[in-house]
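Please read the structure below before turning to the comments.
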Amino acid sequence: MCGIVGYVGHRDCSDVLVSALTRLEYRGYDSAGIAVFEDDKIKVAKTQGRLADLSAKMREEGKPHGHVGIGHTRWATHGKPSDINSHPHTGGNVTVVHNGIIENYIELKEMLKRKNVEFCSDTDTEVVAQLLNLYYKGDPLETISKVEDMVTGSFALGIIFADHPDTVYALRRESPLIIGVGKDETFIASDVPAILQYTKKYYLINHNEIAKLSFDGVEFYDRYMNPITKELQEADWDMDAAEKGGFPHFMIKEINEQPESIKRTILPRIYNGMPDLSECGITAEALRNFKNIHIVACGTAMHAGMVGKYVIEKLAKVPVNVDIASEFKYREPLIGEGDLVIIISQSGETADSKSAMLLAKKLGAKTLAIVNAKGSSIAREADMLIYTHAGPEIAVASTKAYMVQLSVMYLFAFELALAKGKITESECAKYITDLQEVPEKVAETLSHVVDECQHAGSTLITADSLLYIGRGLDYALSMEGSLKLKEISYIHSESYAAGELKHGTISLITEGMPVIAVATQNALLEKMISNVKEVKSRGAYVILVCDEECVVGADIADDIIKIPKISEILMPMLAVVPLQLIAYYTALAKGNDVDKPRNLAKSVTVE
Ligand code: AGP
């Protein structure tokens, strides 16, 4: 989704804006632009394409020189990617950059047209610029406050007024925005990595709040223009965490960071060898009283919830529904008091997940957010919160965030099962001991399977389509494997419950079609092997992922990827590693942009 930045300070503003936008590239974008005050006049440079195209354009046409400005990377929603539709957008005195959607822009545009305002782009953003300009009588704050009342939707805006060349304004409703503070300089940004090269200090800005950045510092106002004070935050990770650190891509770096991410996430939640989630306000008594559990999330986070469902139901015997957040809201879910709704989100800003959470609260359920991004909207608005400690995840394809989401799912399931009296203390202690072994086993897996996954990647590049199959936890996991492959290699794939193949899908199998079979669950192994034989005998090229102790004939599959063995219930945390690597090496072999796959954005802040 779009990224916005802004700067007031002593450095060269164009350089700061472009550099900060580079750190937001992971969000996905198709055009870029900046607006900078040069000799008290606003100078705009913008283009369709990447930041490198913007820099090339500025080399050719001249870079704006100044110390105050705003910048943007656009992920098209209203109007195709083009130079004209790129931000910043100007209406008379006012220039803006915008992330989000102005829902009532058509109605506002009609009203403005009736007042003879002319538009040059197809964007909803230009409407905001024109609206601000229409009502501007010399007081920026008053104008922003008035326009804020008129627009509906979600947005984060960076705004400059032609006659206030030393000031940047920012306004936030729903879409993410932070205000960075360095020595004699201030920043606005959609996310912390944008400012980390300059400062680790920042303010969180709430819905409908306005920030005014000038050479005197930053001031905050509520929607009625009352000044407000805020607590300064400090990022607990630095530039290294947001850089590639010698790896060719963020994705492979993040895959390799998984052992450390798991440790950071689980160790503070283990006390005397037992799970301890009391920091998030969960008590054993509250856990005992929950009747139903609903897990609501999108994409990879939803897949972590699928594994969570299997584990919670198996150990705690509590029914769990897993819902796709974008469906949840519109199907009148049967939830209410006594239910727990768990929202899982890496970014904490996913619009669908956020609105599902708000609906759950409205219906009387308790909400628990499992979130990676500190201070994000979902983290702030949930009743209870567990932070995952993956550190910044930059690659669009989520890997380490999934791993730590799984870690929390296990901790939660263990604690719930214990509270419900479904497992004994010694059983719980054993699960925790096993969980503590996972980081080392993930590291071992990483060091053992690279060659096989690279080979699998080179085999898959010619495939048009493939299947992932598994049973039980392996099925839940294979959904994530399939999504990973699809999103970065652009090869169609589906994950299927292996037992369901015979009910239709097996008709797709033709000579050479790849099938990735995950078989880590002993009790289901025999059945899985039968399914593998069924597809193999119809010509499938089978890649089998199983544990090192699994005894199968060498001819059962074309390739066998063996992973270390650990307590069976925890096997998804190891088995996901080869699936992530297969996706990575396939995308790499195809020459795709691994970290920034086409059409995708890291943080999906619109519904
Ligand atoms: C995963 O690789 C995807 N990028 C995507 O499915 C993602 O998990 C989903 O959009 C949810 O994002 P969130 O965790 O930030 O809410």
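Side chains are part of it too, since the values below use all heavy atoms of this structure and drop only hydrogens, waters and symmetry mates. Every number for a ligand or one of its atoms is a count from 1 in the order of the listing. Numbers for residues simply follow the sequence, beginning at 1.
Looking at residues two or more places apart in sequence or on another chain, you find no ring-ring contact (aromatic ring centres under 6.0 Å, His included) involving Tyr541. Remark: Arg173 engages Glu148, Phe155, Asn208, Arg223 in a side chain to side chain contact (heavy atoms under 4.5 Å, CB included) (not counting sequence neighbours).
Residue-environment remark: CG (Leu334) stays at or below the threshold of 12 foreign heavy atoms within 6.0 Å.
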Anything under 3.5 Å between a donor and an acceptor, one on a side chain of residues 442-449, the other on a protein residue two or more places apart or in another chain? List them.
residue: Thr445; atom: OG1; partner: Lys441; partner atom: O; Å: 2.6
residue: Ser447; atom: OG; partner: Glu444; partner atom: O; Å: 2.9
residue: His448; atom: ND1; partner: Glu444; partner atom: O; Å: 3.0

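Note: Tyr496 and Tyr468 fail the aromatic proximity criterion, with ring centroids not under 6.0 Å apart.
Within 4.0 Å of ligand 1, contacts by protein heavy atoms are made from Cys298, Gly299, Thr300, Ala301, Ser345, Gln346, Ser347, Thr350, Val396, Ala397, Ser398, Leu483, Lys484, Glu487.
A salt bridge is absent between Arg380 and Glu349: the closest approach of a Lys/Arg side-chain nitrogen to an acidic carboxylate oxygen does not fall below 4.0 angstrom.
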